[in-house]
Number of protein chains: 2
Amino acid sequence: MARPRKPLLSTDRIVETARALVDAEGLAAVSTRRLAAELGVSGPSLYNHFRTKDEILEAVADSVSAQVDLSMFEDGRDWRTALHDWAVSYRNALRDHPNIVPVLARGPGRRPAALRLADAAYGAMVEAGWPPAQATSIGALMRYFIMGSALGSFAGGFVDDASAYDPADYPHLGQAHLLAEQQEKIDERAFEAGLTALLDGLALQYEQVRQQV
Amino acid sequence: MARPRKPLLSTDRIVETARALVDAEGLAAVSTRRLAAELGVSGPSLYNHFRTKDEILEAVADSVSAQVDLSMFEDGRDWRTALHDWAVSYRNALRDHPNIVPVLARGPGRRPAALRLADAAYGAMVEAGWPPAQATSIGALMRYFIMGSALGSFAGGFVDDASAYDPADYPHLGQAHLLAEQQEKIDERAFEAGLTALLDGLALQYEQVRQQV
DNA sequence: GTCTATACTCCGATAGAC
DNA sequence: GTCTATCGGAGTATAGAC
């Protein structure tokens with residue numbers, strides 16, 4: 001076969017297959033040859049639809065950004081509730097596709113869904129009365145926290161092996177090997193605790209800012 | 001030359017050279033051949049000192065963790081001040097070696113300096129009266145925030161090109177192309193704002209926890 | 001026990017035939 | 001728009017020199 005009657009590939013099909021592969025086996029498993037094999041074509045065929053492998057990964061990343069709900073910024077919720085719900089939705093999207101997070105963490109760049117996300121959050125904060133500079137900071141600091149929470153599981157970063165943490169070296173890590181087991185619950189709780197603290201702290205700053213006007 | 005009188009390599013020299021290479025040209029620039037060339041040696045020689053390339057990167061990461069000051073947990077500062085100073089020191093270390101952050105973000109694993117860091121922070125929170133579960137959450141959420149802030153610059157994630165952000169698509173991103181320019185200042189300010197909010201919020205939780213005792 | 005030489009497999013990407 | 005052939009370079013295993 002040289003040129004089929006109907007195209008075998010489409011950008012959508014490539015992105016979907018790539019996302020499934022990333023989810024199942026990680027970023028490192030995505031080689032052009034491997035991805036092409038999953039699609040039933042030869043490696044270089046991908047280059048008819050994307051200029052580089054990185055473009056494919058960017059498209060996968062953006063398809064994950066597109067899953068974040070933004071409706072909370074439109075229905076008159078107060079800024080704090082909206083920010084909370086947005087953060088949870090954002091985090092859930094990343095948690096469902098943790099392997100692509102390193103690509104997302106590079107920033108929005110030119111990815112449309114990521115830009116819509118930044119635009120909506122920033123716009124809502126300005127709308128709620130935050131001065132532009134503070135609204136920028138809020139966008140940044142929420143991103144730090146959410147990306148950080150998705151990038152590396154805290155609990156999963158410890159080894160599931162008691163002998164790895166000698167009490168003589170690390171007097172307080174006696175239970176650390178248990179963290180790996182309860183990973184999900186611990187990360188979930190830490191995320192909620194951090195988000196609550198962050199929003200409580202921001203509410204304090206908001207009062208000060210509003211009194212100055 | 002087959003076997004030199006004096007060893008040309010040492011683990012320290014490899015780690016130092018690798019760190020310099022990572023800092024100067026990024027993670028992707030570190031191949032065993034390239035690193036060996038910098039050391040004046042052939043590629044496979046590295047495998048006499050490290051079992052894999054990944055072990056070298058882990059060692060580089062840990063040498064950065066070792067730069068984080070931990071003295072604030074020992075001199076009787078209150079938990080909030082100590083946590084603040086620790087976060088700043090932590091972030092500064094990462095900011096000085098941003099290219100290695102993806103490796104650090106995988107978690108402490110078996111890296112001694114990273115474990116000392118987790119141990120010190122967790123121990124200090126328990127010492128200050130936080131219940132163990134909350135102390136774990138604090139360790140996690142601080143890590144989220146600090147790693148997130150170091151991993152991808154928020155401001156640097158935007159493209160330095162006004163035409164990339166069409167107002168019709170992103171009504172609130174009119175100035176976004178300017179962010180890349182002022183990267184450092186914006187990231188610095190967002191980090192401080194977030195850290196203050198986080199600590200304010202935690203102080204609120206602390207009061208509640210202490211009242212229950 | 002530390003190095004060099006060599007080789008194997010896989011990678012991203014390009015050129016050109018159909 | 002797909003194929004095959006091919007390139008340079010990656011990680012790393014192994015054999016052997018000294």
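Chain letters run A, B, ... following the sequence lines, proteins first and then strands; every chain starts at 1. Side chains are part of it too, since the values below use all heavy atoms of this structure and drop only hydrogens, waters and symmetry mates. Quantities reported herein were computed from a predicted structural model and do not represent experimental measurements.
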message = Near DNA chain D, counting only heavy atoms under 4.0 Å, which residues of residues 26-33 of chain B show up?
response =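 Nucleic-acid contacts, sorted: B/Val30, B/Ser31, B/Thr32, B/Arg33.
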Starting at atom [atom1] of [X], determine the distance to atom [atom2] of [N], rounded to an integer number of angstrom.
X       : N      : atom1 : atom2 : answer
B/Asn48 : D/dG16 : CG    : P     : 16 Å
A/Arg13 : D/dG1  : CZ    : P     : 14 Å
B/Tyr47 : C/dT4  : OH    : P     : 15 Å
A/Leu46 : D/dC3  : CG    : P     : 9 Å
A/Lys53 : C/dT14 : NZ    : C1'   : 17 Å
B/Leu35 : C/dC3  : CG    : P     : 13 Å
B/Phe50 : D/dG11 : CZ    : P     : 15 Å
A/Asp54 : C/dG12 : CG    : P     : 11 Å

Any donor-acceptor N/O pair, [X] side chain to [Y] backbone, under 3.5 Å:
X        : Y        : value
A/Tyr165 : A/Val159 : yes
B/Arg143 : A/Gly148 : no
B/Gln134 : B/Trp130 : no

Side-chain N or O of [X] versus OP1/OP2 of [N]: is the shortest distance under 4.0 Å?
X       : N      : answer
B/Ser42 : C/dC3  : no
B/His49 : C/dC3  : yes
B/Thr52 : D/dG11 : no
B/Ser45 : C/dT2  : no

inquiry  = Do A/Asn99 and A/Glu25 have side chains that approach each other closer than 4.5 Å (heavy atoms only, starting at C-beta)?
reply    =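 No. Closest side-chain heavy atoms not under 4.5 Å.
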query = Below 4.5 Å, heavy atoms only, C-beta onward: do A/Val60 and A/Val30 meet side chain to side chain?
reply =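 No. Closest side-chain heavy atoms not under 4.5 Å.
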query = Any idea how B/Phe191 and B/Phe145 line up, ring-wise: parallel (<30°), tilted (30 to 60°), or perpendicular (>60°)?
reply =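 Rings of B/Phe191 and B/Phe145: parallel, as their planes differ by under 30°.
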inquiry  = Nearest to the B/Val41 side chain among D/dC3, C/dT4, C/dG12, which nucleotide is it?
reply    = C/dT4
message = The side chain of B/Pro44 is closest to which nucleotide in this list: C/dA13, D/dG11, C/dT4?
response = C/dT4
ask   = Can you list every pair that meets side chain to side chain donor-acceptor pair (under 3.5 Å) and has a residue in residues 89-98 of chain A, with sequence neighbours left out?
value = A/Asp23-A/His97, A/Gln67-A/His97, A/Arg91-A/Glu188, A/Asn92-A/Arg95
